[in-house]
Amino acid sequence: MASTRNKLPIFIIVLLIAFVFFTPLPHLSSPKFFIIDLIRMPLRLGTNSFNDLAALLRYRRLSKENKLLKEKLNFTTSQLVQLREALQENDRLNELFSFRKKLQYIVVPVKVIGKDSSNWTNTLIFDKGQKDGIAVDIPVISSAGLVGKIVEAGAKSSRAVLITDPNCRVSVIVQRSREEGILYGMGRNLCKLRYLPVGADVKQNDFVISSGFGGVYPKGIIVGAVIKTGIEDDGLSGYAIVKPACELEKIEEALCLKQ
Amino acid sequence: MRKFIFVAILVSIAIFQMTALNSIRIFGAKPEFLLITVIFFALKYGGRLGFWAGIICGLLQDSLSGLPFGAATISFSLCGFVIGNFNKTIFRESKLVQILLVLISCFFFYLVYYGILNNKLDILDFEMPVTKMAVSSIYTSVASPVFILILGKINQFLNKRFYLYET
């Protein structure tokens with residue numbers, strides 16, 4: 001027989017179990033953002049302080065990296081000029097054949113204020129929400145490539161699932177051979193491109209881009225590069241292991257694409 | 001004031017779990033520091049405080065992760081309540097006991113998580129990664145004595161200053 005002191009906890013636990021098991025999943029996420037909004041300020045402060053501290057500890061490596069990046073930037077700038085030239089030529093040709101199709105996106109820059117606290121999912125919490133026009137299923141990109149998509153949006157914050165999350169699926173094509181497949185997150189900063197035909201023309205270092213099928217991700221966004229290929233255990237289809245183009249574990253800012 | 005400080009400690013631990021603990025991952029797993037905190041309070045102060053620590057830590061864990069809401073709140077509060085009610089009958093100072101309790105609680109948390117996932121299977125579908133479950137549980141339990149020691153020191157310091165848990 002439970003004592004009076006123990007009755008309240010038992011009552012709350014039973015109530016919680018009933019609430020969780022009988023509430024549909026979309027309604028379950030609303031209390032999350034109430035709590036995130038409550039601790040938004042300490043969360044942002046904590047994340048920023050830790051990032052600063054980690055940067056201080058990595059000072060020597062960062063200094064070297066900075067030098068290297070400056071050299072790369074100079075090289076990239078010269079390449080950019082050439083690419084602009086090619087882009088202008090491409091635009092002219094597109095206009096000529098009336099194929100030009102402009103995708104109009106409004107870009108919302110967001111800052112990462114928190115990373116996933118669990119071992120099971122790879123998600124990020126952003127500092128902007130529905131008030132800034134963020135909604136569910138909006139794709140998230142960075143300068144390096146596809147990051148993921150928004151899965152939950154609160155008033156002032158939102159959560160994005162990364163392409164490396166086991167729950168995330170992206171329809172993609174291999175840029176060189178145009179082989180199509182579905183990209184699954186594997187956790188640990190890698191993805192698996194599945195449902196490739198056996199003997200598909202996919203090689204190491206091939207770039208993988210979004211196919212635009214499904215309507216969530218626009219076509220042509222770089223997703224990553226193939227690092228390994230193989231055939232599934234059942235022998236019916238092939239697969240490729242893809243390393244995401246952007247370093248998802250170190251991401252601090254991203255862009256949300258509003259159509 | 002005491003309640004506010006108690007919640008502030010738990011929020012700080014949740015932020016620590018989201019930031020610093022990401023840098024000590026092994027095979028993609030990091031220790032479940034919030035769960036260790038719940039067990040610490042349960043062992044030290046009994047079922048009632050263990051339960052409330054479980055509720056707060058669970059709500060924080062659920063909110064700050066992509067897990068379905070409720071998985072951590074249910075399992076943490078249950079662990080805190082049950083362990084706390086037996087804190088006088090077990091040898092709580094033993095490191096082995098602490099490791100075992102954390103290991104069992106961790107497995108219980110993951111099982112509740114998958115129970116809820118299966119309940120909501122219409123939108124989420126992935127196989128139960130037993131290896132990752134094992135790695136996370138073992139890592140959390142092995143690391144628990146160190147975390148419990150640190151928590152003990154912090155708790156001792158705060159208790160002297162604010163008489164936090166006096167009844």
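Each chain gets a letter, A, B and so on, in the order the sequences are listed, and its residues count up from 1. Everything quoted here is computed from the prediction, not taken from an experiment.
- When each of Ile17(A), Asn189(A), Val151(A), Leu38(A) is scored by its heavy-atom pairs under 4.5 Å with chain B, the top score falls to Ile17(A).
- For residues 79-103 of chain B, the set of pairs meeting the salt bridge (Lys or Arg N to Asp or Glu O under 4.0 Å) definition, not counting sequence neighbours, is empty.
- Sparse packing is recorded around NZ of Lys44(B), with 12 or fewer heavy atoms of other residues, nucleotides or ligands lying under 6.0 Å away.
- Residues of residues 45-54 of chain A that come closer than 4.5 Å to chain B, counting heavy atoms only, are Gly46(A), Thr47(A), Phe50(A), ordered by residue number.
- Both the backbone and the side chain of Gln61(B) come within contact range of chain A, each with at least one heavy atom under 4.5 Å from a heavy atom of that chain.
- In the displayed structure, Glu247(A) atom CD is contacted under 6.0 Å by at most 12 heavy atoms of other residues, nucleotides or ligands.
- Atom CG of Leu64(B) and atom CD1 of Ile39(A) lie 4.5 Å apart (nearest 0.5 Å).
- Counting heavy-atom pairs closer than 4.5 Å to chain A, the top residue among Leu34(B), Thr73(B), Leu60(B) is Thr73(B).
- Here the CZ atom belonging to Phe81(B) is positioned 4.0 Å from the CD1 atom belonging to Ile10(A), to the nearest 0.5 angstrom.
- Between the side chain of Arg48(B) and the main chain of Pro9(A), no donor-acceptor pair closer than 3.5 Å is present.
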Derivation of the side chain to side chain contact (heavy atoms under 4.5 Å, CB included) call for Leu8(A) and Phe51(B): CA-CA 10 Å; Leu8(A) 180 69; Phe51(B) 168 76; 5.7 Å; no

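- Using a 4.5 Å cut-off between heavy atoms, Ile55(B) touches chain A through its side chain atoms alone.
- Nearest heavy atoms, Met18(B) versus Lys115(A): CE-O, 2.6 Å.
- Atom-to-atom distance recorded for Ile13(A):CD1 and Ser75(B):OG is 10.5 Å, nearest 0.5 angstrom.
- Between atom CD1 of residue Ile12(A) and atom CH2 of residue Trp52(B) there is a gap of 3.5 Å, rounded to the nearest 0.5 Å.
- Ser63(B) and Ile36(A) get closest at one heavy-atom pair: O-CD1, 3.3 Å.
- For Leu16(A) against Ser77(B), the heavy-atom pair with the smallest separation is CD1-OG, 4.4 Å.
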